[in-house]
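Whatever order the structure lists them in is the order used to number ligands and atoms, beginning at 1.
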Amino acid sequence: MNYKIAVIPGDGIGREVVAQAINVLKVVGEKFGHNFDLIEVDAGGCAIDKYGEPLPAQTLEVCKNSDSVLLGAVGGPKWDTLPGNQRPEQALLGLRKGLGLFANLRPAVLHNALIDASPLKPEIIGDGLDIMVVRELTGGIYFGDRRRDGDAAFDTMKYSIQEVDRIARVGFEIAMKRGKKLTSVDKANILDSSRLWREVIEKVAKEYPEVEVNHMYVDNAAMQLVKNPKQFDVIVTGNMFGDILSDEASMITGSIGMLPSASLGTEKLGMYEPVHGSAPDIAGQDKANPIAMIISAAMMLRYSFDMEEEAQSIEKAVTNVLDKGYRTGDIMSDGMKLVGTKEMGDLIMKEI
Ligand code: NAD
């Protein structure tokens, strides 16, 4: 079967890490007999330079007509002085909106080989830390009414039943594919929008009797993540709480160069990208860690194409390369073998 993938390398290290993910996809395609049709398009700073706008209409059109989207990173100092609505990062918002993506998935997986990179003690993280944070992306306080009134200002947190229902279903579906445990995070002791959130989660839970559900207040969840992170499997939460908790959960794993993400909608089409940005300080120096991007490609195979075995072959290859002691600069430690972006990509490819 043919899979059409829109590829947006973007700016800075985005281009370098995307090149490695493409190589890995080609090897997976050959091994498992899939044809990945990769169409490269521009967004971000490079699109501003070429077309005068961060998200040209043809880029969005190609993405809409693809089975999935892979994105490197956008932005850089060259475009930092532009007004907010013309900056490269606008491309990300435009893509999410244009593609109807409302669920953000951020796995926080700690590889045993990198246990020393975590700020938490080994006895707390133990072995096999693997959390998935599912964050609602298009509602809540970031999108509610807001206003500055002289010396006061307000923002509004609003959620509808329909908005909570659809993100709940994403959370439950993912829990079914993982450890069948879901923690819904809210602030239902104070907020009406959280009480509605909890009500809807309870209702959807009835359709997933195999999933063990619990509710947690966000302040407690923030504490539990550092106290006993292994209690979590899937966390589902609103936009602002998810923004904060996903950063907290991911830092437990050490380096930003290891963190993938996915943004999903109601269809199979998703956008897959590393959590990090374009890293202007190391761009063009073959220093970037390509693993976040490569694992993002694995997520694409799993969530957009239902290729579990193929996704695992990539994840396993990454684990093996780390177990053999290869490290990029960001995850380097004593006695390990330092490699560049390209060599890390090649090692993972060979392992597959
Ligand atoms: P950044 O993530 O680009 O870099 C932060 C630090 O982490 C830097 O020291 C960088 O060298 C390091 N780093 C990041 N990714 C790495 C990797 N793969 N391997 C090794 N080290 C890595 O964040 P920033 O410096 O705040 O932002 C730089 C630019 O990227 C800005 O223009 C920002 O707006 C943009 N940005 C884009 C995205 C995106 O495209 N999704 C996300 C965040 C920031």
List the closest protein heavy-atom neighbour of [atom]: residue, atom name, distance to the nearest 0.1 Å.
atom	value
atom 16 (C) of ligand 1	I13 CD1, 3.9 Å
atom 7 (O) of ligand 1	I256 CG2, 3.7 Å
atom 19 (N) of ligand 1	N289 N, 2.9 Å
atom 2 (O) of ligand 1	G277 N, 2.7 Å
atom 39 (C) of ligand 1	L92 CD1, 3.7 Å
atom 10 (C) of ligand 1	D281 OD1, 3.4 Å

Residue pair [X] / [Y], side-chain heavy-atom distance below 4.5 Å:
X	Y	answer
I235	I131	yes
E273	L92	yes
E351	K316	no
T237	V218	no
V134	V234	yes
I5	V69	no

Does a salt bridge link [X] with [Y], judged by any charged N lying under 4.0 Å from a carboxylate O?
X	Y	value
D233	K181	no
D37	K4	no
K177	D306	yes

*Of all the heavy atoms in A292, does at least one lie under 4.0 Å from an atom in ligand 1?*
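Heavy atoms of A292 never come under 4.0 Å of ligand 1.
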
*Scan the protein's non-hydrogen atoms and note whether one is under 4.0 Å from atom 26 (O) of ligand 1.*
no

_For ligand 1 and D80, I'd like to know whether there is a polar contact (N/O to N/O, distance under 3.5 Å)._
no

Look at [atom] and find which of [options] reaches it with the closest heavy atom.
atom	options	result
atom 29 (C) of ligand 1	S278, A288, G75	S278
atom 22 (C) of ligand 1	D11, V17, V74, I282	I282
atom 32 (O) of ligand 1	G12, G10, G76	G76

*Can R166 be said to sit on top of F102's aromatic six-ring, NZ or CZ under 6.0 Å from centre and within 45° of the ring axis?*
yes

Within a distance under 4.0 Å of any heavy atom of [X], pick out the atoms of ligand 1 and give their elements.
X	answer
E89	31 (C), 32 (O), 33 (C), 34 (O), 35 (C)
A279	3 (O), 10 (C), 11 (O), 14 (C)
P280	28 (C)
A73	40 (O)
E273	41 (N)
G257	17 (C), 18 (N)

_E248 and S250 side chains, donor-acceptor separation under 3.5 Å_ = no

